[in-house]
Undergrad: 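This structure is in structure tokens; I'll ask about it shortly.
Lettering of chains follows the sequences in order, A, B, ..., and the numbering in each one begins at 1.
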Protein chains: 2
Amino acid sequence: MNQEIILKSRPKGKPTNSDFEINKIDEPQLKEGEVLLETQYISVDPYLRGRMRDEKSYIEAFKLNEPLSSALVVKVLESKNDSFKEGDYLTGMLPWKKRQVSKAKGLRKIDEGEVPLSAYLGILGMTGLTAYFGLTHIGEPKKGETIVVSGAAGAVGSTVGQIAKIKGLKTIGIAGSEEKIEMIKNKFGYDVGINYKSTETMSKAIKEAAPNGVDVYYDNVGGEVSDGVLVNINQFARIINCGAISLYNDTEIPTGPRVEPLLIKNSAKMQGFIVSNYEDEFGEGIKQLATWLKEGKLKFEETIVEGFENTPQAFIDLFDGKNKGKMIVKI
Amino acid sequence: MNQEIILKSRPKGKPTNSDFEINKIDEPQLKEGEVLLETQYISVDPYLRGRMRDEKSYIEAFKLNEPLSSALVVKVLESKNDSFKEGDYLTGMLPWKKRQVSKAKGLRKIDEGEVPLSAYLGILGMTGLTAYFGLTHIGEPKKGETIVVSGAAGAVGSTVGQIAKIKGLKTIGIAGSEEKIEMIKNKFGYDVGINYKSTETMSKAIKEAAPNGVDVYYDNVGGEVSDGVLVNINQFARIINCGAISLYNDTEIPTGPRVEPLLIKNSAKMQGFIVSNYEDEFGEGIKQLATWLKEGKLKFEETIVEGFENTPQAFIDLFDGKNKGKMIVKI
């Protein structure tokens with residue numbers, strides 16, 4: 001039975017299952033130039049929350065009563081398109097459907113082999129590239145500097161820490177459980193881990209962990225965790241605003257300490273980005289990440305949820321930090 | 001009678017005259033290698049407020065019961081230093097004294113001539129360079145873009161608007177009186193002027209003035225004025241955090257809307273700086289500013305207060321916006 005997942009209502013605050021609906025749909029009919037695809041893996045990502053709002057952003061808002069979409073790994077069941085053949089695995093932005101036809105525009109063939117297919121939604125996909133380009137292009141990390149990463153156990157954060165380590169930085173990761181702290185230190189090589197949930201005063205904890213101050217802050221979280229980091233930045237610090245998961249569900253504009261005085265005092269930079277800004281360099285980025293992966297310098301973690309119908313819940317769980325590393329749904 | 005102005009107490013909130021003290025001091029005795037200097041002009045600047053706090057910053061805090069200092073224009077009364085001779089005019093960072101001796105380190109000779117001497121504290125001094133480097137290096141202005149400048153009638157802001165105009169941008173200036181609005185439009189060529197004191201909703205006023213959105217925001221003010229600008233930024237906007245005069249007197253850490261979501265959504269950059277970051281390029285900057293000045297492309301405004309003893313009040317008046325353009329004390 002073919003199915004799709006649609007946006008039933010725009011979430012107010014934290015999304016709930018009732019904001020989504022799983023519908024039975026017809027089997028797709030393959031036409032000339034198209035491929036018939038079967039979904040293997042679905043990427044659920046915090047940024048999708050932004051697309052659920054009906055407002056102008058860098059990417060079009062999801063429409064009500066239409067399927068959501070994200071990065072998928074799909075298998076070609078049948079092909080009437082010269083570029084791809086039956087049995088190929090592809091990845092790209094596609095709607096949340098079990099089976100669908102596509103003209104295959106923007107889809108890319110991936111290799112089954114040295115890494116699992118799901119890695120193309122994570123370390124060799126958007127999350128790996130997000131870590132890589134944000135850190136290298138905005139963060140400009142230099143050997144001997146100190147970096148703090150929030151959301152350090154997440155898909156992006158765990159990769160950022162490892163790349164920073166490769167570049168010779170002291171790495172401090174912030175995460176929300178003892179289990180995650182163990183993981184970021186033992187698996188991802190973070191020098192220091194700070195559990196923000198059991199830390200009374202973040203600013204003090206950061207100061208102790210970074211006695212020479214913070215040169216680079218890769219922020220996936222925003223909010224109060226960031227407040228504690230920002231008061232510890234050094235002159236010429238670079239702050240990479242990758243995500244603000246702690247704020248995404250806020251229904252009013254969140255307030256906090258103004259950052260201008262800190263930025264002026266330290267000649268520091270805060271810069272937001274989305275990975276597609278660096279689209280022209282994706283090839284180079286994937287090549288570098290794949291090289292590090294083969295050399296054993298990069299490890300990754302996935303939380304794989306089974307079942308198409310569990311996709312909304314997997315997405316919701318992101319906001320409770322239930323994932324370690326990349327959250328992926330296996331169909 | 002020789003005099004100095006010392007910091008008597010660290011201001012709480014807005015500075016008052018009682019935070020300063022004017023003392024009678026001995027006439028200085030000239031030694032070998034020194035010059036005897038008579039102060040002609042004193043620059044009073046908002047950033048000095050930061051130095052009155054006892055905290056780590058990019059520049060050393062003023063010490064209690066010692067003279068304050070800033071950029072001065074001085075005349076050489078007598079010289080035992082080979083680099084300068086009697087009658088020379090010099091500029092540099094010096095303590096607030098009527099007469100003093102100095103080894104002349106860091107002092108620079110300036111020419112009496114095409115521009116008044118006081119200009120070397122403004123358009124051809126730190127404020128001109130602050131406008132120039134902040135705008136060109138961080139703002140990266142491009143022809144056809146829209147810039148908003150807060151504190152547009154101030155020394156820095158009025159120069160920023162004119163340089164942006166030379167570079168082909170649409171210029172929108174924010175200031176705090178109808179008189180200032182007339183001045184920034186008629187004298188400094190701003191395309192649009194917004195009086196924030198008589199504007200109900202800044203965000204709406206900016207939206208009307210910048211229907212294509214804001215590409216560059218040169219911020220001298222911070223606070224609520226900025227909040228209204230930031231919600232109107234375009235993708236890849238550059239925000240130059242030059243000053244935050246509206247926040248300098250706050251005794252608690254000021255709060256406001258968090259900026260991370262806006263920066264992420266727009267792939268935008270906020271960057272603080274101080275002019276000395278670009279010290280290596282000062283020569284080039286002054287040359288460019290002097291060229292524009294001679295070509296009649298740059299105009300400047302000064303508010304000149306007379307009398308050494310009025311220096312503290314002139315400084316205090318900055319926070320009430322009593323100056324138009326550069327605030328200078330003439331001795």
Undergrad: In terms of heavy-atom pairs under 4.5 Å, which option from A:Gly243, A:Pro261, A:Ala244, A:Pro257 contacts chain B the most?
TA: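 Most heavy-atom pairs under 4.5 Å with chain B: A:Pro257.
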
Undergrad: Highest number of heavy-atom pairs under 4.5 Å with chain A: which of B:Cys242, B:Gly223, B:Ser226?
TA: B:Gly223

Undergrad: Can you establish whether the number of heavy atoms outside A:Glu224 located under 6.0 Å from its atom CD is more than 12?
TA: no

Undergrad: Taking atom NZ as the centre, does A:Lys167 end up with more than 12 heavy-atom neighbours from other residues, nucleotides or ligands that are less than 6.0 angstrom away?
TA: no

Undergrad: Hey, what do you get for CE (B:Met270) to CG (A:Leu262), rounding to the nearest 0.5 Å?
TA: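 With rounding to 0.5 Å, CE (B:Met270) is 10.5 Å from CG (A:Leu262).
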
Undergrad: Atom CD in B:Gln271, atom CG in A:Asn266: separation rounded to 0.5 Å?
TA: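 One finds 12.0 Å between CD of B:Gln271 and CG of A:Asn266.
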
Undergrad: Counting only heavy atoms not in A:Lys142, do more than 12 fall under 6.0 Å of its NZ?
TA: yes

Undergrad: Does a side-chain heavy-atom distance below 4.5 Å link B:Asp227 with A:Arg258?
TA: yes

Undergrad: Non-hydrogen contacts under 4.5 angstrom with chain A: give the residues of residues 204-222 of chain B involved, or none if there are none.
TA: B:Asp219, B:Gly222

Undergrad: Measure the CG-CZ distance between A:Asn277 and B:Phe236 for me, rounded to the nearest 0.5 Å.
TA: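 Output value for this atom pair is 4.0 Å.
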
Undergrad: Hey, what do you get for CD1 (B:Ile274) to NZ (A:Lys265), rounding to the nearest 0.5 Å?
TA: 12.5 Å

Undergrad: Is it the case that atom CD1 in A:Ile253 sees more than 12 heavy atoms from other parts of the structure closer than 6.0 Å?
TA: no

Undergrad: Please find the pair of heavy atoms, one from B:Asn241 and one from A:Leu263, that lie closest to each other, and give the distance.
TA: OD1-CD1, 3.4 Å

